[in-house]
Every structure is written in structure tokens, then in C-alpha cells.
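Working notes for the structure below.
Letters go in sequence order (proteins before strands), and every chain restarts at 1. The structure displayed is predicted, hence computed values, not measured ones.
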2 protein chains.
Amino acid sequence: MTTARLWKPDPKLDLVLERVVDVPRELVWKAWTQPEHLKVWFCPAPWSVSDCEIDLRPGGVFSTVMRSPEGQAFPHFGCYLEVVPNERLVWTDALLPGYRPSEKPFFTAIIVLESKGSCTRYTATAIHRDEAGRKRHEEMGFHAGWGTALEQLVAHTKKM
Amino acid sequence: MTTARLWKPDPKLDLVLERVVDVPRELVWKAWTQPEHLKVWFCPAPWSVSDCEIDLRPGGVFSTVMRSPEGQAFPHFGCYLEVVPNERLVWTDALLPGYRPSEKPFFTAIIVLESKGSCTRYTATAIHRDEAGRKRHEEMGFHAGWGTALEQLVAHTKKM
């Protein structure tokens, strides 16, 4: 198996958001890996994040509680798989912290950051089990949602 | 979350085989990570392993095809999570290679090797989603099976 085969998204199964943003990748990394920053930008408004736990190492917890405008809570538990500072962050909800298989696997996320001068090429890939998972995520608004969240991230990092 | 909480097995959900074997851990590592060696010892006889693919890095494939004495094939696909040479090997079948969530998650395995003079303390932990998974694995003969396989590994490494 080559690296290309490992990481190349499958258009039937995966969703990709790629953007160049005008903030350095060190700030993008910080926004993704520190709860006090992540809570500010992670959910497209008027939704919000009321809680976030991060144990930044393979096997560590990445959990968030999203709140609807009406206050309903949507907890999400994941487990980090790869933590390469300022370069690559991988986590999945197919595993709970400590690598325990989870009840309701949905997707694995890979965030890749590349420097482009003072900007960052930002690539977020969501990897699903099957086509139904990809479609469901698309219908939930993956592109608009992750795009808006990224705009919120950029706006927040400029105030950091 | 502390390291202790991350790695401490839960007796309701997990199974552990711990043994001290009289071979150095470098040989145990080799036996676990090279297909030509793994195929010799991985299945308690008269079962056998007819195929094995190993891409030894996080996200890489770990697949085996086990054969019953009657020749029936039982393929098993997994994905490596942690690869720390001579120390720790972690993989799961909750993910396919490239971290894609799998259809039939069953367990995550953690193999820990510690030097004890010229011997090795060998700890294999199987982490399940729920109690039913742990019971099923126990009834499939986890302790006898993994124990016999380890004896076969030791016998093989002495001929390496």
C-alpha cells in the first residue's frame, strides 16, 4: 500500500473542503486544539459549543457538546489518531478515547495544514464507512457548515 | 484524562493476556510485524494463516486470512493505530486502512512489550465496545487461543 492509496479521498465515500485562508497555520492549529478557542468558532452560529474536552495525543479524547438555538444538546465523542503539530490532526468517532470501538461510528476527520507564505492551505476530509454515510453528511450541510465554521475560525484567530 | 485512565483495562469490557516469555522483545516485535514470520505462529494449529498484509504505520493495513482445518477462509481487516518499535503495537478492526470506519467493529488490540533481562513481559489487551463483545471473544477462546499463539511465537522465534 502506498501513501497515495492511504490518503487519497474516494469521491463516493468522502467529503473534502479545501481553502486557502489568510492566517498562519500555527494559529489554525491553536484554534483547533485548545477548547477555549475551539468553542468560539466550531459551530456555525446561531448554534454553539457549550463544552469541549481535548486530550491532544493518539488515543486521547476529543469531545464537544453542540447546542441548537433552542438549547438542545448534541454531544459528540471522538478519539484522536494522529497529532502532528501545525501539520495534521486526525480523529474519529469510530473509536472512543483509549481506542474503544464506539456504538455509532460515522466518520473520521483529517485536517491538513500547509504553509503558503503567511497563509494556510486548509484541507478537511471526512471519511465515511459507506455511500449512505457520505450522503447523510452532505445533506446535513457538510460544505456550508464546515465552510462557515472555517470563516468563524479565521475571524477568531485575527482577534487572538 | 490521565494516562492511567486511557490505558487501564476495564474488566467488564476488556480481556488481557500477560506472560513473561524467554525471548528478547526485538524478536517478539519482528514476529508480530513481518508477514513471513507472523504467518507461522499467529493461528493455533491446526488452523493456519494463508495470507497476511502489513503496512506498518498508523493508518496502514493489518490484514490476515485464517484457514480452518477444512480450508474455509476467515479474512480479517484492521488498521494500525500506534507503531512504537519493540514497545507497543496497536491496531483495530473498527477502522479499515486509511482510518475508514468499518462495517463490523469488534475490538482494538494493544500489544505491549517490556524487557526483563533477556526475557519479555508480553501484555496483550483486547478492548471491546460492550460486554457482549467481551463475552463473545471470551467464548471464542481468547485466553487459550492467544496463549497458544504466543507459545507458537516463542517456538518460532527460537528458530529465527
| Intermediate values then yes/no, side chain to side chain contact (heavy atoms under 4.5 Å, CB included), B/Tyr99 and A/Thr92 | CA-CA 8 Å; B/Tyr99 301 131; A/Thr92 188; 6.0 Å; no
| message | Tell me whether B/Val40 shares a hydrophobic cluster with B/Val23, the cluster being built from Ile, Leu, Val, Met, Phe, Trp, Tyr side chains joined at under 4.5 Å. | response | no
| task | Answer yes if A/Ile111 and A/Val83 sit in the same cluster of Ile, Leu, Val, Met, Phe, Trp and Tyr residues linked by side chain heavy atoms under 4.5 Å apart, and no otherwise. | result | yes
| request: Tell me, yes or no, whether the heavy-atom count around B/Phe77 atom CZ, taken from other residues, nucleotides or ligands under 6.0 Å, exceeds 12. | output: no
| query | Under 4.5 Å between side-chain heavy atoms, hopping through other hydrophobics if needed: is there a path connecting A/Trp91 to B/Val90? | reply | no
| field | Residue among A/Asp93, A/Asp14, A/Asp10 with most heavy-atom pairs under 4.5 Å to chain B | value | A/Asp14
| field | Contacting moiety of B/Leu13, where chain A heavy atoms sit under 4.5 Å | value | both
| request: Following the transitive rule for hydrophobic clusters with a side-chain heavy-atom cut-off under 4.5 Å over Ile, Leu, Val, Met, Phe, Trp and Tyr, establish whether B/Trp29 and B/Leu17 coincide in one cluster. | output: yes
| said: Can you tell me which portion of B/Asp130 sits under 4.5 Å from chain A's heavy atoms? Options are side chain, backbone, both or neither. | reply: side chain
| query | Does A/Leu95 share a hydrophobic cluster with A/Ile110, counting links as ILVMFWY side-chain heavy atoms below 4.5 Å and allowing steps through other members? | reply | yes
| remark: Nearest heavy-atom contact between A/Ile127 and B/Pro101 is O-CD, 3.5 Å
| request: Mind listing the closest non-hydrogen atom pair of A/Arg100 and B/His128 along with its distance? | output: NH1-O, 2.7 Å
| request: Check each atom of B/Ser102 against the heavy atoms of chain A and say whether the ones under 4.5 Å are side chain, backbone, both or neither. | output: backbone
